[in-house]
There are 2 protein chains.
Amino acid sequence: MKIQVAIDRVDLARATVLASQLDGLVDRIELGTSLIKDYGLFALADIKAQLNHATLVMDIKTIDEGVYEFKQGYAAQADVLTVMGTADLATIQAVYDVAQEADKEIFIDLLNTNKEQIKQLLPFTNATFGLHHSHDNARQFEAADAVKAFHQEFPTIRHIAVAGGVTLEQVKKLTADGIAEVAIVGGKIVGQPNPVAAAKTFQEVTKK
Amino acid sequence: MKIQVAIDRVDLARATVLASQLDGLVDRIELGTSLIKDYGLFALADIKAQLNHATLVMDIKTIDEGVYEFKQGYAAQADVLTVMGTADLATIQAVYDVAQEADKEIFIDLLNTNKEQIKQLLPFTNATFGLHHSHDNARQFEAADAVKAFHQEFPTIRHIAVAGGVTLEQVKKLTADGIAEVAIVGGKIVGQPNPVAAAKTFQEVTKK
């Protein structure tokens, strides 16, 4: 399983330093929605050149104007872009097509989707489906249990990621279960006094 | 009824010129999602100082991390910020509270929401509810008919806006019906050879 570190709510200089420091330690580096909305894709486009190893995810959270946003995002050197599962199906189809043509990854964020909506997304077999517990929702969320339940309900979905409440303990469980491909960790790495050490600890657990 | 001009998919210099030119001609100027994602809120923060009349809307389309995004958006001098109706209810409550405390306007974008979701939003009585036909969806959309049907279904909603397919003909109908407070027009003003003339034509129709 891969660790994706989400960098969010820091200034651009700090984001750039963090991305460089974490490159090679974790598989995927995410520039979070806050960075995109605060600084814009044009300002983030230089970060990719500093990465030698990591896959670069830009959490653009597209919900409309899909073709425009995905073209802009890939032009800003993203390897992976996100679209909301609650978007109009026409938007998701449009960005899926852009991703396939560009030979890039598309990540469908399932935040606040229901089962009926997810069923409509099943044909997008090459997408990564991201289980996502809202930052703003205080309800308890067990990442590993959620992934298992999701896999049971939608066994044909091949690429699963999970975000929200992903602790070290949860990463151990997720690794043991072997269902999720990507676990997304934010503050538990970048919010620590030593993000490099925290990243190594998380990455280490996925090897066991 | 007020006209809101959406400025989208142009470069920052052009957006700034358009905002200045249209200030005073239309009631509300919207910096669209594409401008926020391309350039970021920090870069857009200077535009408000150039406006002497218009209400400034930033179409931030918040879907998570509500408090952070709304604080950033109002700090960037937005008078109005948007949140997706498909967001977690906790997110919508959080941004509603930020807006109320800041004494600013909140706009709930109903793109791809269903009736059950809208019912849950009824307590947010001070919000503007935006009927929104996806850019990426080719289905026919009659703005005035949609507003009338929506008002019949949700008679307690006080502030209604509509976006998508808002032609001059539709603005005439919307004005005559007197239900919608705001009609959002994009390319039919800013995509014209003479946006100032187009804006005047649209604004004129709302006076009749």
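Residue numbering restarts at 1 for every chain, and letters A, B, ... go by the order of the sequence lines.
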(request) Test A/K61 against every option in B/T62, B/T33, B/D64 by the side-chain contact (heavy atoms from CB on, under 4.5 Å) rule and name the one that passes. (result)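 In the set B/T62, B/T33, B/D64, the residue that makes a side-chain contact (heavy atoms from CB on, under 4.5 Å) with A/K61 is B/D64.
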(message) I need the single residue from A/D109, A/N112, A/T86 that forms a side-chain contact (heavy atoms from CB on, under 4.5 Å) with B/I63. Which is it?
(response) A/T86
(message) For A/N194, I'd like to know if atom CG has over 12 heavy atoms of other residues, nucleotides or ligands within 6.0 Å.
(response) yes
(message) Counting only heavy atoms from other residues, nucleotides and ligands, does the tally under 6.0 Å from NZ of A/K48 exceed 12?
(response)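 Yes.
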(message) Quick check on the interface: out of A/L44, A/L41, A/L35, who has the most heavy-atom pairs with chain B under 4.5 Å?
(response)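 Looking at each option in turn, the highest pair count goes to A/L41.
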(message) Checking the side chain of B/K37 only, and the main-chain atoms of A/G40 only, is there a donor and an acceptor separated by less than 3.5 Å?
(response)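 No, B/K37 side chain to A/G40 backbone: no donor-acceptor pair under 3.5 Å.
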(message) For B/Y68, which atoms come within 4.5 Å of any heavy atom of chain A: side chain, backbone, both, or neither?
(response) side chain
(message) Counting only non-hydrogen atoms closer than 4.5 Å, does B/A76 touch chain A with its backbone (N, CA, C, O), its side chain (CB onward), both, or neither?
(response) neither
(message) So which residue, B/M84, B/E65, B/E69, B/Q72, ends up with the most heavy-atom pairs under 4.5 Å with chain A?
(response)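 Looking at each option in turn, the highest pair count goes to B/E65.
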(message) So which residue, B/D8, B/I36, B/D88, B/T91, ends up with the most heavy-atom pairs under 4.5 Å with chain A?
(response)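 Option with the greatest count: B/D88.
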(message) Quick check on A/A45 against chain B: is it the side chain, the backbone, both or neither that has a heavy atom closer than 4.5 Å?
(response)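 No part of A/A45 comes within 4.5 Å of chain B.
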